[in-house]
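Right, one structure below, let's go through it.
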Amino acid sequence: MGSYRPRLSDLSGYRLGGSSMLQVELPDISVDSTALYHWNLSDWSTAEMLSIAAGENPDPEAPYVPDQFTINERTYPATIEDPNALVQLGLGDTCLIAIANHGLMDHVLHFHGFHVQIVSSTHQPERVGWSKDTVPVLKGEAMTVQLVANQSGTYPVHDHNLIAVTNAGFYPGGMLTQIIVSP
Ligand SMILES: [Cu+2]
């Protein structure tokens, strides 16, 4: 049970986004009262992607300078128009969030308002059961967390690395979404 992250082993294809998420025995939002959201995290070096798309081979030794940071291939504020990225719950509801880090760097998610409990983790299984407001999702990792909506309001969730809440250097943007709990 849990979230997993298959990807292309071909480096050029992987860096162009050949990576996915596999959810095993997680409930479907339409058939179960436990809502399930998914966040595919990534970071893009658009210059490198354009050069790969033009037929160049990626240089694994070159400095990596990403300029876009995405959830489900969107950057804030477009993230909150994505019903899979924007968490919307009633007070007292429980949801699961399946998270996969497809990028080339770790992403540390900070939840405002809530602690989440780690339900599954491919890279940090020793943390299953931990309840934290800040959750590192390592490069290549997939993880499932459970959130109990125990207070109403609108709360941000964002990468704690502040460069990752920018779009091409402009703040706010990037890997930022919201949890909205209605009373
Ligand atoms: Cu924060």
Side-chain angles (χ1 to χ4, degrees), residues 2-3 5 16-17 19-23 26-46 49 66-121 131-139 141-183:
S3 306
R5 194 196 60 112
L16 289 178
S19 184
S20 187
M21 184 197 288
L22 178 66
Q23 300 167 348
L26 300 183
D28 189 286
I29 193 167
S30 62
V31 298
D32 195 286
S33 58
T34 303
L36 172 66
Y37 297 88
H38 60 261
W39 295 348
N40 287 286
L41 310 180
S42 198
D43 41 81
W44 301 353
S45 164
T46 49
M49 292 164 82
D67 55 340
Q68 300 288 343
F69 304 89
T70 58
I71 303 174
N72 299 337
E73 305 206 323
R74 294 171 182 235
T75 58
Y76 180 84
T79 49
I80 58 172
E81 293 165 11
D82 174 2
N84 291 303
L86 175 70
V87 175
Q88 291 184 284
L89 299 167
L91 185 62
D93 288 352
T94 296
C95 77
L96 293 172
I97 307 168
I99 306 166
N101 181 355
H102 305 285
L104 298 182
M105 56 190 283
D106 299 343
H107 292 290
V108 180
L109 295 179
H110 181 216
F111 290 78
H112 288 229
F114 305 95
H115 284 56
V116 295
Q117 185 166 339
I118 298 173
V119 176
S120 80
S121 164
S131 178
K132 308 289 284 182
D133 66 0
T134 304
V135 180
V137 186
L138 303 180
K139 173 184 169 182
E141 179 167 30
M143 175 182 279
T144 317
V145 301
Q146 181 186 64
L147 185 149
V148 178
N150 58 4
Q151 58 181 343
S152 59
T154 299
Y155 304 88
V157 183
H158 65 100
D159 192 331
H160 228 297
N161 179 356
L162 294 183
I163 196 73
V165 287
T166 59
N167 296 332
F170 291 95
Y171 173 88
M175 204 175 281
L176 170 59
T177 184
Q178 293 177 351
I179 298 165
I180 300 175
V181 179
S182 49

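All residue numbers refer to positions in the sequence shown, counting from 1.
- Separation of atoms CG (L176) and CG (L162) is listed at 10.5 Å; rounding is to 0.5 Å.
- Shortest non-hydrogen contact noted between N101 and D106 is ND2-CA, 3.8 Å.
- Looking at S42, its side chain never comes within 3.5 Å of a backbone N or O of T70 through a donor-acceptor pair.
- Between K139 atom NZ and H107 atom NE2 the span is 10.5 Å, to the nearest 0.5 Å.
- Using a distance-only test at 3.5 Å, with no hydrogens or angles considered, no donor-acceptor pair links the side chain of N40 to the main chain of I71.
- The closest donor-acceptor contact from the side chain of Q151 to the backbone of G113 lies under 3.5 Å.
- E141 and S121 are linked by a side-chain donor-acceptor pair at a separation below 3.5 angstrom, with hydrogens and angles left out of the test.
- Rounded to the nearest 0.5 angstrom, D93 CG and N150 CG are separated by 11.5 Å.
- A donor-acceptor pair under 3.5 Å is formed between the side chain of T177 and the backbone N or O of A85.
- Counting heavy atoms from C-beta on, the side chains of L86 and E81 never come closer than 4.5 Å.
- Panel note: side chain N167, backbone G174; a donor-acceptor pair is recorded below 3.5 Å.
- Distance alone, capped at 3.5 Å, is enough to place a donor-acceptor pair between the D43 side chain and the L104 backbone.
- Annotation: the span from L138 atom CG to M143 atom CE amounts to 7.0 Å, rounded to 0.5 Å.
- Nearest heavy atoms, V87 versus C95: CG1-SG, 4.1 Å.
- Here CG of N84 is found 3.5 Å from NE2 of H38. Values are rounded to the nearest 0.5 Å.
- Here the closest heavy-atom approach between residue T166 and residue I163 is recorded as OG1-O, 2.6 Å.
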Tell me, with the steps shown, if Y171 and V165 meet side-chain contact (heavy atoms from CB on, under 4.5 Å).
CA-CA 6 Å; Y171 173 88; V165 287; 3.9 Å; yes
Can you list the steps and then say if D159 with L41 is a side-chain contact (heavy atoms from CB on, under 4.5 Å)?
CA-CA 10 Å; D159 192 331; L41 310 180; over 6 Å; no
Start with the C-alpha gap between S3 and T144, add the side-chain angles, then the distance that decides, and say whether side-chain hydrogen bond (donor to acceptor under 3.5 Å, both in side chains) holds.
CA-CA 6 Å; S3 306; T144 317; 2.7 Å; yes
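- Between atom CZ of residue R74 and atom OG1 of residue T79 there is a gap of 8.5 Å, rounded to the nearest 0.5 Å.
- When all heavy atoms are compared, the tightest approach of M49 to W44 is SD-CB, 3.6 Å.
- Within the 4.5 Å cutoff, no side-chain heavy atoms of V145 are placed close to those of L147.
- Heavy-atom neighbours of E73 CD from other residues, nucleotides or ligands within 6.0 Å: at or below the threshold of 12.
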Go through the steps to decide whether M105 and F69 satisfy the test side-chain contact (heavy atoms from CB on, under 4.5 Å), and finish with yes or no.
CA-CA 11 Å; M105 56 190 283; F69 304 89; 4.0 Å; yes
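- In terms of heavy atoms, L89 sits closest to A149 at CD1-CB, 3.9 Å.
- Classification of the W39-F111 ring pair by plane angle, with boundaries at 30° and 60°, yields parallel.
- In the model, N72 has a side-chain atom that pairs as donor or acceptor with a side-chain atom of D82 under 3.5 Å.
- Summarising the geometry of M21 relative to H102, their closest heavy-atom pair is N-CE1, 4.3 Å, with the distance given to 0.1 Å.
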